[in-house]
Amino acid sequence: MTALHSLADIAISAMIVIGATFALIGSWGMVRLPTLMERLHGPTKATTLGLGGMLVGSILYFHLVEGKWALHELLISLFLFITAPISANMIAKVHLHQLRVKPDVDGLDPVGPAGMPPIPSEDSGWATYEATVQTSPAAVAEM
Amino acid sequence: MALELTLYTLVFLPFLAALLITTVSARSMAWHSGLAASGSALGLAIVLSLAGRVLDGEVLGISAPWVPALGLDFSLMVDPLGLLFALMILGIGLLVVIFGHFYLAPSEATGRFFASLMLFQGAMLGIAISGNVLLLLVFWELTSLSSFLLIGFWKHKAEARQGARMALAVTGGGGLVLIAGMVLLGSVAGSFDLATILQRADIVQASPLYPVMLILILIGCFTKSAQFPFHFWLPHAMAAPTPVSAYLHSATMVKAGVFLLARFWPVLSGTELYTAIVSSVGLITMLFGAWVALFRHDLKSILAYSTISQLGLLVMLLGFSIKMAAVGAVLHIINHAAFKAALFMSAGIVDHETGTRDIRKLGGLGKVMPVTALVATLAAASMAGLPPLGGFISKEMMLDETLHVGLFGQPWLVPIVATLAAALSVAYSLRFAAHLFFGKPRDAQAHAKAHDPAAGMWGSPAFLVALAVLLGLIPMTLVGPLVTAAASAVLGETAPPLGLALWHGVNPALGMSVVAVAAGTLIVWQHSRVLRAYEGLRHLDAKHLFEQTLSIADKRVRKLIVAIHAPSLQRMLLAAFAVVVLFIAEGAVRGSGSLTGTRAGQPASVMAIVAWGLLIAATVAVVLEHRQRFLVLVYVSVIGLVIALAFVHLSAPDLALTQISVEVVTILLLLLALNLLPKRPPQLSGNGRRLRDAALALLGGFGVGGAAWAMLTRPANNPISGYHVANSYTGGGGTNIVNVTLVDFRGFDTLGEIIVLGIAGLAIYALLDTAARGAAGARLGTWQEDMPHSPERHPMMFVMATRILLPLVLAAGIYIFLRGHNQPGGGFIAALVIAIAFLLQYLASGFDWTDARRKVGEHLLIASGVLVAVATGLGSLVFGANFLTSSFGYFHVPLVGEVELATAMLFDVGVLCVVFGAVMQALAQLSHIAQRAARAHAANLAVRQEDGK
Amino acid sequence: MIAHAVSYAFVCLALALCCNLWRLLRGPTIGDRIVAMDTMVINVIAVIVLIGIATARGTYYEAALILAMVGFIGTVAYCKFLLRGDIVE
Amino acid sequence: MSIASHFAIAPVVIPALAAPFALLVMRRRRWLGVGISFASCAAMLAVALLLLRAASDGTIRTYELGEWPAPFGIVLVVDRLAAIMLTLAATLSLIALLHAVIARSDRKGWHFHPMFQFQLMGLNGAFLTGDLFNLFVFFEVLLIASYGLMLHGQGPARLKAGVQYVIVNIVGSSLFLIALGLLYALTGTLNMADMGLRVAEIPIADQGLLRVAALLLASVFALKAAIVPLHLWLPRTYAVSTPAVAALFAIMTKVGVYAMIRVIPQIFGDDAGAAAWVPAPYLLPAAMLTAIVGFGGVFVARELSEQAAYAVIGSTGTLMIAVAGWQPDTLGAAIYYLVHSTLAGATLFLVADAVARRRASYADRATPGPLFQDRQLVAVLFMGAAIAATGLPPLSGFIGKLLILRSVADVPSWGWAWGTILGTTLIGVIGFARTGSAIFWNETEASARAQLPQVSRADLLAPAIALALLAALSIGAGPVTDYGHAAARQALDSASTARAVLGGH
Amino acid sequence: MRRLIPHPGLSVLLVIVWLLMANAITVGGLLMGIVIGILLPIFTAPFWPGRPSVNYRAGIAFMALVLWDIIIANFQVAAIILFRRNRDIRPAWLSIPLELETPEAITVLAGTISLTPGTVSADVSSCGRFLLVHALDASDPASEIARIKSRYEARLKRVFK
Amino acid sequence: MTLEFLLASAIGVLVAGGIYLSLRARTFQVVLGLTLFSYAVNLFLFASGRLTINRPPILQKGVTEYADPLPQALVLTAIVITFGMTALAVVLSLRSFLETGSDQVDGNECAGDEDEGPDLNAGPRA
Ligand code: NA
Ligand code: NA
């Protein structure tokens, strides 16, 4: 019984520690990585394993220690998994846009080590740069 | 009863007449003058019918309570003095009406004229017979107002308007001072009942306030009676039609001041102060008026200054505080009324016939208009105080009395000045008569068609002059009893025996008048020389002075007022914040107690401190970078985030939810607006101003923060919320105490709150609905994007994600609503979440796409929401319970189990509808405007590209 | 043991928030600041969940849920504004 | 329980129902909306009169919302003063509504009637509530409705003034909340009567904080009442508002005054220790300044509407001079003058509109214009309004001012007060004489008359009615002043109010 | 039936979500969940023009795989952030040619890429046939592209058949 | 460092910032100031119930101590009202700018903000 408890404790603590650590690493990456596109990779950790770990820890905790089901915490992850990519995508678009409209913000070079994005194909460009073609699957809600 | 009826009729008759005249103002002059005449005549008849009883010593008084709280009764009192004035007001009023009928052209606004005249008559009559001081004040101010109308009758003339305004300003202003004096008098005497006050001389004169009230009351009298230095309005009042002048100068208006002096003689007179002020003011005025009158050329102006002088005489007499002098005053009041009215009317006739009032153009009129000449000359003689006219008798009395007063301890001062004044009045009277009617014509065309007017026109003056003559010949039989009685009324005791006669034997007074007549004749003989001397001196034109002071005052004050009320929001807020800071400081300094209380604090966790740092940093960043509008919004949302976290930490989950969802909506709103607002960072205000604002801001911060600290470090004082905790479940049927408070304990607040939100929605709609028109529409039409934009309108990933999110978030909203009563949540938060679900669609898929798919209109939502909430509240009335009384029950549904149903949740549905409607209203409308702007921009772009090609 | 884990987690998240703040204020591009804010939201959700564990209460769950649902809207709106100016079109 | 026992809530519920109904029908059947609006106002007047009669016997009726006992729930308190204010509001609303409909100014947008009803709901709620936070809520309701009404008709001037009006009042509301927070923190209650009892037990150490709260609250009310220096928002706001709206706004500043009369004796009375009567010493000088600034504005105003706006400020100043005495007599005088000055202010705005509508481009500017339609009639109305506004006989203002003069004779600085009241009256008289003679006596070439619009005389009805009411107020001054003084005594007797509100609890 | 339940998958998802939120499995909760699951899709149908047919079994398998990848990737990226100097990091833009055609599928792919640390999908080409991805450390872009296509896109083609 | 101090000081800073910004010359800054100010006010009102950790006012069996629910209800109401007012103020100032072409509130009108150069408030402060 106690063994099981301590086992539960270990599991819960582990999840919490992992989660917190990854959240910190994500944010740290956002501080130290060179330019916006690299920094953008930070949050995904905080979102996924960071918060994920925390939530699993929480679910385990409420189930094993408090004896209550707390599966609803999963919904938090569900929503974050839907929304986080959107944020990242939009921020990336902003970056692409700024690469074009103001190539250098006050002298520092935003292009970054990855260089400029490649042209997808001779007959089309990236949606951020040119209007979506009506026939393209990306042309949702264009009317 | 009969008496009351009579007196009420008497006092209301003129007003009634005025009313009737205005109702028939469309009809001919005959109607107007007729009504006025019959009004005056009837009034006169009533007064005469009362005369007998009054002269027998009976004081006819009636009283009806009006404003007991104030001591203002509608009480009328007809004693001999009142009777005397009533007779003059109505009698001369009647004559003036008759004269006016012939004087005015039927084409003029005679309706307005006679109506105002009757209004004025009523006011004067009211003064004469009111038995309550406050009531007297009412009528007093009414005379100022109605005389304003009369003097300004010929409104197309600038001098009429100015004269009227000046008269109103001076007499009205004096009236206000009088109010102060009278209220003091009443409070000191302990009553506003006239009769009572007249009994309380000892109390009044013993009061420390006596000097104050005396001066205040005297200012009232002097302004009305045109005493120096308040005389200047009277000469300009002659801009009024002559009948009006005749009335104002003889029996009314200016006499009101004298009346008041006489009325309060028993209470006020007899003191050093009184005698000194009143008699010296009267003396100066008498002399000054006579002196100026001598050099006027306009007939009416001469008469105006003569009035000033004659009133000075009356005031002086009443100021002597000598019984016999008062008697003389009463007699002279009658004389003056008679000859002055006659003189003005004659002047009017001359003006009417010759078309000029300039004495320098006139002369020798005696030949062409003998009747007028006779009338005017006799009247002038009475004014000059020549025997055998009434004026002589009263002047003799006056001169005689001057010998009994040693003003400022100088026994000779008053007699000499008085004699001098008498001489001057002889002079101006002589000049008036002689220059006008004797000698040879000075201006041919003025005499061209000059002749005596119809009897109707000279009838009135003739009657008055006859009176003046008889007042000299048979004074005792004519007015003896009246004067005695009136005098007694003035004195408040039986007047000394009075022997009015032309011949009193040889006495100093006779000598003085002989000197006066001789000197007067001499002056007239040498007039041109004296005139040159007079014109050598410089004179200040009172009217000009008055108008100038007024316009300067106007400019200065205007400047000040405009400066103070500049349309600067900054100044308004500055004032508000300054007051707050001062008050907080005041409370902190003057109030007792230390800043820090006794309650122990709770240690802050690392997380708390870091969150605090976040908030502080973000706030400082907002302030420092407030000119970068977009950036600060990012900081603001960080602040909001931290506050939400704080609410979580401080056990306020509902607040956290609200904060989070409101934050999102607010940010969307601000972004939508920001897109259309000018984005050029505003120029920095001057260092001085920024420093000032910063200082004020810091003080305010310290103040409010300090207050918060003081509050937080003090123990709670057994708050009523204990009851809410105890009754939330048992009485409110919910475990979420906050929500139960919102929808039940304090549902009334929430009702008001959702209405606020609903109104905000409506107002925003009303504002933006019209934005496409007018200047705003034009500006929207020329709106330009201020930065290069990406061509992509609806990013695919975003759109797809929001479509899956819509049902999920809606589900969450419903869930939050349903359990709000027991767990964090509730109608308001649910509404915001649902609104956000839809706003997401706007954001991702655009306005048109989403708007085309929306079902219910916001107006319907808001209206029905409010109705649902109110109806829920009213529902409880059906069960005899008060508004908003909730009820709930637990029902067992098979399979499902316990289900709670609470009316509070129905109420919460109303909340949900209104909040959802209002939020959608605001953002949808705003984005609609943005749409317009964007389209306009696209159009412009297209045009420009066309031009490019 | 859990208690220690929790307090360790609090410290980590506190440091994480500090990192976010640094990036938020430092920039340099507006994109960086938005990333910082977005990450801050996620870290705050984590903090709320952690508070839930620390206090053994379910009451804070809704806050975390709502924040997870709507927290990104700010980010997206800011980006849309920078991309298009008009966030709803 | 009989339906009569629910009369207390009716003044709030009636408009709360009328507004959404009007909103729903307005677009399709505007006449129906107008009808609803009128019916609602009439009903409010009827209820108010019933409450007035009910309160006349001196009993204080309370209405516990949701049956939650005071002080735990929200309670409405109907005493004499509240009944007076309700009646005044309902009367004024009918006049303003009548003018709006006759002058068709309600058609400049279809939200007028709903907003109008919500405005009244806010006013009535503020008059009735016995709960401080609830008072805040109803302040917000009447404020935001007033924003809607003030902006009705729009146009640059209104929008610019609107921004300032709205933002200043938002700040005011925030300050209200701070004061509320302090008071709840110190007393632990929101019910005014209960607060009044609890302040007595506040330890010395906390009374400084209480004092701050009192002063903050007073300054919030002063802002609403537009007392110098917190009056800056008023002139422009009122001058540019639609006249019918401005007429209704005549009561808005009085709400601030009312709130002071309600709150200060009830909460910061003799028992409040360091906070007892704190705002009092600042009120008298501020009031005198307000009267001076207000009538100074009247003296120099260039448009009638501007003049009316300043007259509102001035009358508030005069009113506050009386209120600042905090004696039964001064307060009684104040209540009478409050009723008078509200109607007088409204009349001024309505007459200004009558002039403006007839003079086309000359509008209500005090410059000679062409001879315009019904000049005699309008002139009479203007003179009446001016007489009322300056407080000359025979209209009620004179009695009001006499009452004030008499009642303040006992306060220490009565000389200053008297000087201010009488002096401002004089400059007011001169000011109105100037504008009046410029507009009604002085005329330019009659040629321009051709362009003048033909206006139906009907729009003189509302101001005429208002003047008639002022006359009636003057004739019936006896009973009205008695009621007012009784109301004042009741308002100052916080103990019996507390007994009535808290009853057994 | 199609009209009553336009999106069966969504309905099921909603019921599950509802039960999760209620955090308890009761009859009442289930009934309510079913009501929600039926009503909401009907109500929000207008907002769903496209109706992709989904192979749920493949979908679940895909999710499991992604979850696993996420965990692994987290550690890899953590290592990069913690131990690699900036100049040794090899960020790169990847332009991934797409075989998926429906926007839903492309969105899921892009989302997956963003969720797995180390890669962020930045943009779609205007023609919708290319996906722009930023990789934190891709010394060999070509192989990285191939990995994504084979590991995720291929599976997604089976999910959205 | 006590929680009380943190909250009080935070309120103070917010108030200071709010006052300073609301005294600026353009509507946007003023609205911003009001936003900060109302944050502070809401926190202040909330603080009137004192600070309680881990005692949410949601009834639980066996729990007797709860955070004071009343201020929370008041703050909730206040937040809603503030939101309504802010929304109106924002729209009104926008509308007024569209009508008059100026968003100045300091009285000295300078119309013609339209002719302003573009500015993407992106980079760090110049
Ligand atoms: Na609420
Ligand atoms: Na609320």
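Bear in mind that the values here come from a model prediction, so they are computed numbers and not experimental data. Reminder, nothing fancy here: chain letters follow the sequence lines and each chain counts from 1.
Taking B/Ala760, B/Ala771, B/Gly700 one by one and counting their heavy-atom pairs under 4.5 Å with chain F, the maximum is reached by B/Ala771. Taking F/Thr82, F/Ile11, F/Val75 one by one and counting their heavy-atom pairs under 4.5 Å with chain B, the maximum is reached by F/Val75. Chosen from B/Ala775, B/Gly826, B/Ala600, the residue pairing most often with chain F at heavy-atom distances under 4.5 Å is B/Ala775. Per-residue counts of heavy-atom pairs under 4.5 Å with chain F were compared for B/Asp654, B/Leu698, B/Val636, B/Val642; the largest is that of B/Val636. Chain F forms the most heavy-atom pairs under 4.5 Å with one residue out of B/Leu757, B/Leu923, B/Leu633, and that residue is B/Leu757. The greatest number of non-hydrogen atom pairs below 4.5 Å with chain B, out of F/Leu70, F/Leu23, F/Leu92, F/Leu74, is found for F/Leu23. Counting heavy-atom pairs closer than 4.5 Å to chain F, the top-ranked of the candidates B/Arg692, B/Arg714, B/Met572 is B/Arg714. Between chain B and the residues F/Arg55, F/Met85, F/Gln72, F/Met1, the largest count of heavy-atom pairs under 4.5 Å involves F/Gln72. Heavy-atom pairs under 4.5 Å with chain B peak, among F/Gly84, F/Pro57, F/Gly12, at F/Pro57. Heavy-atom pairs under 4.5 Å with chain F peak, among B/Gly758, B/Gly752, B/Ala611, B/Pro715, at B/Pro715.
The two residues B/Leu573 and F/Ser22 make their nearest non-hydrogen contact at CD1-O, 3.2 Å. In plain terms, the two heavy atoms of F/Phe46 and B/Ala652 that are nearest each other are CE1-CB, 3.6 Å.
Interface residue F/Leu36: only side-chain heavy atoms are found under 4.5 Å from chain B. Using a 4.5 Å cut-off between heavy atoms, B/Trp612 touches chain F through its side chain atoms alone. Interface residue B/Tyr729: backbone and side-chain heavy atoms are both found under 4.5 Å from chain F. Both the backbone and the side chain of F/Arg50 come within less than 4.5 Å of a heavy atom of chain B. For F/Leu32, the part lying under 4.5 angstrom from a heavy atom of chain B is the side chain only. Contact annotation for F/Ile79: only side-chain heavy atoms (C-beta onward) come within less than 4.5 Å of a heavy atom of chain B. Using a 4.5 Å cut-off between heavy atoms, F/Ala67 touches chain B through its side chain atoms alone. Contact annotation for B/Leu615: only side-chain heavy atoms (C-beta onward) come within less than 4.5 Å of a heavy atom of chain F. When heavy atoms are compared at a cutoff of 4.5 Å, F/Tyr66 approaches chain B solely by way of its side chain, counted from C-beta outward. Heavy atoms of F/Ile53 lying under 4.5 Å from chain B belong to its backbone as well as its side chain. Interface remark: B/Glu663 contributes side-chain atoms only to the contact with chain F (heavy atom separation under 4.5 Å). With a threshold of 4.5 angstrom between heavy atoms, F/Leu43 approaches chain B through side-chain atoms but not through N, CA, C or O. Heavy-atom distances place no part of B/Ala695 under 4.5 Å from chain F, backbone and side chain included. Both the backbone and the side chain of B/Ala673 have a heavy atom closer than 4.5 Å to some heavy atom of chain F. Heavy atoms closer than 4.5 Å to chain F are found in both the backbone and the side chain of B/Val738. Only the side chain of B/Ile720 comes within contact range of chain F, judged by heavy atoms closer than 4.5 Å. Residue contact with chain F, scored on non-hydrogen atoms closer than 4.5 Å, is absent for B/Asn739. Contacts of F/Ser96 with chain B are absent, with no heavy-atom separation under 4.5 Å from either backbone or side chain. Looking at F/Val30, only its side chain comes within 4.5 Å of chain B, counting heavy atoms on both sides. Looking at B/Arg690, the atoms closer than 4.5 Å to chain F (heavy atoms on both sides) sit in the backbone and in the side chain alike. Residue B/Phe745 does not touch chain F at all, counting heavy-atom pairs closer than 4.5 Å. The parts of B/Ile764 that come within reach of chain F are both its backbone and its side chain, each placing non-hydrogen atoms under 4.5 angstrom from that chain. B/Ser605 does not touch chain F: none of its heavy atoms, backbone or side chain, sits under 4.5 Å away. Interface remark: B/Ala566 contributes no atoms to any contact with chain F (heavy atom separation under 4.5 Å).
Without hydrogens or angle criteria, F/Thr35 side chain to F/Val31 main chain gives a donor-acceptor distance under 3.5 Å. Side-chain atoms of F/Arg95 do not come within 3.5 Å of backbone N or O of B/Leu768 as any donor-acceptor pair. The backbone N or O of F/Ile58 lies less than 3.5 Å from no partner atom in the side chain of B/Thr735, so there is not a single donor-acceptor pair. Checking side-chain atoms of F/Arg24 against main-chain N and O of F/Gln29 turns up no donor-acceptor pair under 3.5 Å. Looking at F/Ser48, its side chain does come within 3.5 Å of a backbone N or O of F/Leu45 through a donor-acceptor pair. In terms of modelled atom types and a separation under 3.5 Å, the side chain of B/Ser651 and the main chain of F/Thr52 share a donor-acceptor contact. Looking only at distances, a side-chain donor or acceptor of F/Thr2 sits under 3.5 Å from a matching main-chain atom of F/Phe5. Using a distance-only test at 3.5 Å, with no hydrogens or angles considered, no donor-acceptor pair links the side chain of B/Gln659 to the main chain of B/Ile643. Not a single donor-acceptor pair under 3.5 Å links the side chain of B/Thr750 to the backbone N or O of B/Glu753.
Residues F/Phe83 and B/Val915 form no side-chain contact, since every pair of their non-hydrogen atoms from C-beta on lies 4.5 Å or further apart. F/Phe97 has its side chain out of reach of F/Thr27: every pair of non-hydrogen atoms, C-beta onward, lies at least 4.5 Å apart. In this structure, the side chains of B/Ile737 and B/Thr741 come closer than 4.5 Å at one or more pairs of heavy atoms. The closest side-chain heavy-atom distance from B/Asp693 to B/Leu574 is below 4.5 Å. Counting only heavy atoms from C-beta outward, the side chains of B/Val756 and F/Val80 never approach each other to under 4.5 Å.
Checked against a 6.0 Å centroid threshold, the rings of B/Phe577 and F/Phe37 count as neighbours.
Under 4.0 Å is where a charged nitrogen must lie from a carboxylate oxygen, and between F/Asp103 and B/Arg779 no such pair does.
Other residues, nucleotides and ligands contribute at most 12 non-hydrogen atoms within 6.0 Å of the CZ atom of B/Phe702.
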